[in-house]
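Below is one structure, written out as structure tokens; comments come after it.
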Protein chains: 2
Amino acid sequence: MHFNDDGFGAMTRKLERLAKLNEQDRDALKNLPLARKRVAAGQHLLREGEESTTCYMLLSGYACRYKTTRTGSRQIVSFHMAGDIVDLQHLLLSRADHSIQAISDLTFAATPAAELKKVAQTHPTIAEALWRDTLIDASVFREWVLNVGRRDAKQRIAHMLCEFAARRETAGLGRPTSFELPMTQEDIADATGLTNVHVNRMLAQLAAEGLIARDKRQVEIADWDRMRRAADFDAAYLHAQAA
Amino acid sequence: MHFNDDGFGAMTRKLERLAKLNEQDRDALKNLPLARKRVAAGQHLLREGEESTTCYMLLSGYACRYKTTRTGSRQIVSFHMAGDIVDLQHLLLSRADHSIQAISDLTFAATPAAELKKVAQTHPTIAEALWRDTLIDASVFREWVLNVGRRDAKQRIAHMLCEFAARRETAGLGRPTSFELPMTQEDIADATGLTNVHVNRMLAQLAAEGLIARDKRQVEIADWDRMRRAADFDAAYLHAQAA
DNA sequence: CGTAGGTTTGACTGATCTCAAGTTTGGTGG
DNA sequence: CCACCAAACTTGAGATCAGTCAAACCTACG
């Protein structure tokens, strides 16, 4: 499966996984105005406080959502990859409470929130699929609160890696045991509530314990089952099989 | 405003705040089967892993949602009060990824998820209101990730108190500057990723600095503006004015 | 009053941060 | 193709915030 398309295919595949679409639903999606775009790593799609009028379906590359404290420290609250729809909440909440940034070069399809909202209003199954997607989003945030609040540094990082691997697999982006990290160790630190220095040490320790093997940004999870246990990772919160 | 009613009134008021209901919408809500129930502090409404088939509208008292690590430590991911609908995500996700527990004696109206889902499917404005509610939920989780990930102990606790105060006010439960905490210091610890011992010390310090005054569980925020700054609290993430 | 749960305090420990100095990597222009 | 540069990564040493353990003290409630 590859997402190297105009966005319509990716969007349809995504929503098919979340609800049982019919022909009218697919037609409605086909008629959505989708603009294919490309931004470089580091660029922002949206900044906290702005009014958002656009939804983004990621086609390739990686992005993150983050918030900052008044003193400037950054907390990444989620990572996103091909197949993810980011900014869905701006169908119903106009003001952004977080920023969205590309962490690698990124291609995405942009659609006006108003258009997607109209489609959702007239196609209950699409609304259901989108709603379910935002609910899964929320479930992931809950797990992150647990991760940052109650796991130690090594576990947090291991858990983040497991989630990344599992979501890549669900999205059809490759095997979960071997992948290239798109984010810096500083990004990992900002996602786990740690410092880049400590992330570096913990990654080294995970490698020393034989849980992962590293080469540059390439990561291989050497023993998925031990890793899963070390990370306290249980994929249930990803609600991957919908329902 | 008081929520000492059968649940219908509370539910209607809640949704009116989230979207513009019409007469049919209100009628549909009126016909929802609502069972008024009461549980004691400490009781569970739902446990992680269970299939949930019920949504709860809280009428009085307080509840929390929490998750646990495999080793048993607990992370509270949200607090809830009169007017909140908890477990809305079980309209679309059957398996609970967290537990729901009463932290004080609690009265609530229970409605079968399937019934509420049916109403949402046939009344787009109700669906929109409920969806928006879950999106605000998600926004609060994001703030909690930031709180636990990037603020120090004193700020975390101060922020939690500010949120509690602000939400009480929005829900019409009284002035934000003076209230009784329903939760123990251990609960606060589990919500902020700290230990009960450290929570105790930080509360003492907040009091020593004149930000709050305490008497048992009674808390008065002595200087809201200083408190807000100390807590790095900005209510925008609560999306209280809907839109 | 007796008891259990909750709160407070003290002394010590330790995980993670901070600061600082290298080292490696990947991209860019000559 | 190489030299250079900035960004990312790595390592070390010392500081600190928050945790642990343990004991005492409240206080609500039976």
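From a predicted model like this one, the values you see are computed outputs, not experimental measurements. Residue numbers begin at 1 in each chain, while the letters A, B, ... track the order of the sequences.
Cation-pi geometry between B:Arg74 and B:Tyr66 is satisfied (NZ or CZ under 6.0 Å from the ring centre, within 45° of the ring normal).
Atom CD1 of A:Ile157 is separated from atom C1' of C:dA15 by 13 Å (rounded to the nearest Å). For A:Arg150 and D:dA18, the CZ to P distance is 13 Å, given to the nearest whole Å. In this entry the distance linking CZ of B:Arg151 with C1' of C:dC17 reads 19 Å, nearest Å. Atom-to-atom, CZ of A:Arg214 to P of D:dA8 comes out at 16 Å; the value is rounded to the nearest Å. Residue B:Arg217 contributes atom CZ, which lies 14 Å from atom P of C:dG5 at whole-angstrom precision. A:His198 places its NE2 atom 21 Å from the P atom of D:dA8, with the value rounded to the nearest Å. Atom P of nucleotide D:dT10 and atom CD1 of A:Ile188 are separated by 10 Å, given to the nearest angstrom. Rounded to whole angstrom, the span from the CD atom of B:Gln185 across to the P atom of C:dT9 amounts to 10 Å.
At a threshold of 4.0 angstrom between heavy atoms, the contacts of B:Gly42 with the nucleic acid are absent.
Dashed line: the shortest gap from a side-chain N or O of A:Thr184 to OP1 or OP2 of D:dA8 is not under 4.0 Å. OP1 or OP2 of C:dT7 has not a single side-chain nitrogen or oxygen of B:Asn200 nearer than 4.0 Å. Remark: A:Thr195 is not in phosphate contact with C:dT16, judged by side-chain N or O atoms under 4.0 Å from OP1 or OP2.
You'll find that the side chain of B:Asn196 is closest to C:dT7, out of C:dT16, D:dT10, C:dT7. Listed nucleotides: D:dA28, C:dT16, C:dT8. Nearest to the side chain of B:Lys216: D:dA28.
Salt bridge annotation for B:Arg229-B:Asp225: present, with a cationic side-chain nitrogen under 4.0 angstrom from a carboxylate oxygen. Using a cut-off of 4.0 Å between Lys/Arg side-chain N and Asp/Glu carboxylate O, B:Asp190 and A:Arg150 are scored as salt-bridged.
Taking the six-membered ring where the residue is Trp, A:Tyr62 and A:Phe164 present tilted rings, their angle falling between 30° and 60°. Ring planes of B:His98 and B:His90: tilted class, angle from 30 to 60°.
Under 3.5 Å, the side chain of A:Arg156 and the base of C:dT16 form no donor-acceptor pair of N or O atoms.
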